[in-house]
Protein chains: 2
Amino acid sequence: MNISEAAASAGLPAKTIRYYEDIGLLHPARDANGYRRFSDNDLHKLTFLARARGLGFSIEDCRRLLALWEDQERASADVRQLASAHLQGIEAKIADLRAMHDTLSDLVQRCAGDNRPDCPILNSLQS
Amino acid sequence: MNISEAAASAGLPAKTIRYYEDIGLLHPARDANGYRRFSDNDLHKLTFLARARGLGFSIEDCRRLLALWEDQERASADVRQLASAHLQGIEAKIADLRAMHDTLSDLVQRCAGDNRPDCPILNSLQS
DNA sequence: TCTTGACCTTCCAGTCACTGGAACCCTTAT
DNA sequence: ATAAGGGTTCCAGTGACTGGAAGGTCAAGA
């Protein structure tokens, strides 16, 4: 299976797959002509990566998750620890965004949005 | 007022202020020795930028907001339009993060987090 | 006067996770 | 012979800084 099929199967752009190889997340074999040849295992890894990235894990987290995934002796506590830390990060981001949202939403509602220059949004940004 | 005072006053790192000058957001005067000298207007702009960035506006949005702020003839509708679009972006990000959060939080709860290798988190990532 | 330390300057490189594009090779069909 | 549609590498750019090196400037103290 070559790269465009692998891309379709994993739901990732071919460019991204090349990039993942570049940074050592997987090592597909090569055909005689230099084309990448993706094994089932490569495909599983790509799908795993696509899902982990979809959950917002960083590339470095994905690398660790892949290592845990391939380690039959892993402790689920290690996976859980990684996921919990990430979950906390997500919660922090949501809180930040919520705060921005609430402030901004209030300002937008108070802005007349007409031809006149007076604007509570700009007023609130000014010292 | 030189850069470290301006930085303290606006709540921005000096590096960031230099960067903002670099990309043309402000143009502080220079003393004979080459040091930047910040006027009151420069300080107002920096505070404005710090607050707008704090609300998550992109640098390009900040540039547009600054231009509107300085334009006495602006229509508040233009400001509101910009802010509304940004608000929508924030809402989309929150929705994405919430989805990640809900999935991940469920997986974390279902993971025993012990010495054994069996792990619902890894299972859900695998094809 | 000399030195020390805290300022300031510019410039270059790195971050993160891709993404676009150029230039070129391989394969298959017409 | 040529064209289309794969594949390859390598380089540069994204956003918004941030770190660090190398060096100039200034005020205070021995």
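Chain A is the first sequence line, chain B the second, and so forth, proteins listed ahead of strands; every chain is numbered from 1. Note: hydrogens, waters and symmetry copies are ignored here, and every other heavy atom, side chains too, is used.
Between B:R37 atom CZ and C:dT9 atom C1' there is a gap of 16 Å when expressed in whole angstrom units. Between the CZ atom of B:R36 and the P atom of C:dC7 there is a distance of 17 Å, rounded to whole Å. As a whole-Å value, the separation of B:K15 NZ from C:dT9 P is 11 Å.
Of the candidate nucleotides C:dG21, D:dT18, D:dT9, D:dT9 has the atom lying nearest to any side-chain atom of A:R30. Nearest nucleotide to the A:Y35 side chain, out of D:dG24, D:dT18, D:dG7: D:dG7. For B:Y19, counting side-chain heavy atoms from C-beta on, the closest listed nucleotide (C:dC26, C:dT19, D:dA16) is D:dA16.
Side-chain contact check for B:K45 versus B:L25: every heavy-atom pair is 4.5 Å or farther apart.
For A:T16, no side-chain nitrogen or oxygen approaches OP1 or OP2 of C:dA17 to under 4.0 Å. The shortest distance between the side-chain N/O atoms of A:S58 and the OP1/OP2 oxygens of C:dC16 is not below 4.0 Å. One finds a side-chain N or O of A:N2 lying less than 4.0 angstrom from the OP1 or OP2 phosphate oxygen of D:dG7. Here A:Y20 reaches the OP1 or OP2 of C:dC18: one of its side-chain N or O atoms lies under 4.0 Å away. The side chain of A:S4 contributes an N or O atom lying less than 4.0 Å from OP1 or OP2 of D:dG7. At the phosphate of D:dT8, neither OP1 nor OP2 sits under 4.0 Å from any side-chain N or O atom of A:N33.
A:R18 comes within 4.0 angstrom of a base, heavy atoms only. Nucleic acid contact for B:I3: sugar-phosphate only, since backbone atoms but no base atoms lie under 4.0 Å from a heavy atom of the residue.
Put simply, the side chain of A:R63 never gets that close to the backbone of A:A67: no donor and acceptor are under 3.5 Å apart. In this structure, A:T47 contributes its side chain and A:L43 its backbone to a donor-acceptor pair below 3.5 Å. Side-chain atoms of A:S76 come within 3.5 Å of backbone atoms of B:G113 as a donor-acceptor pair (strictly under, hydrogens ignored).
Within 6.0 Å of CG on A:N115 lie no more than 12 heavy atoms contributed by other residues, nucleotides or ligands.
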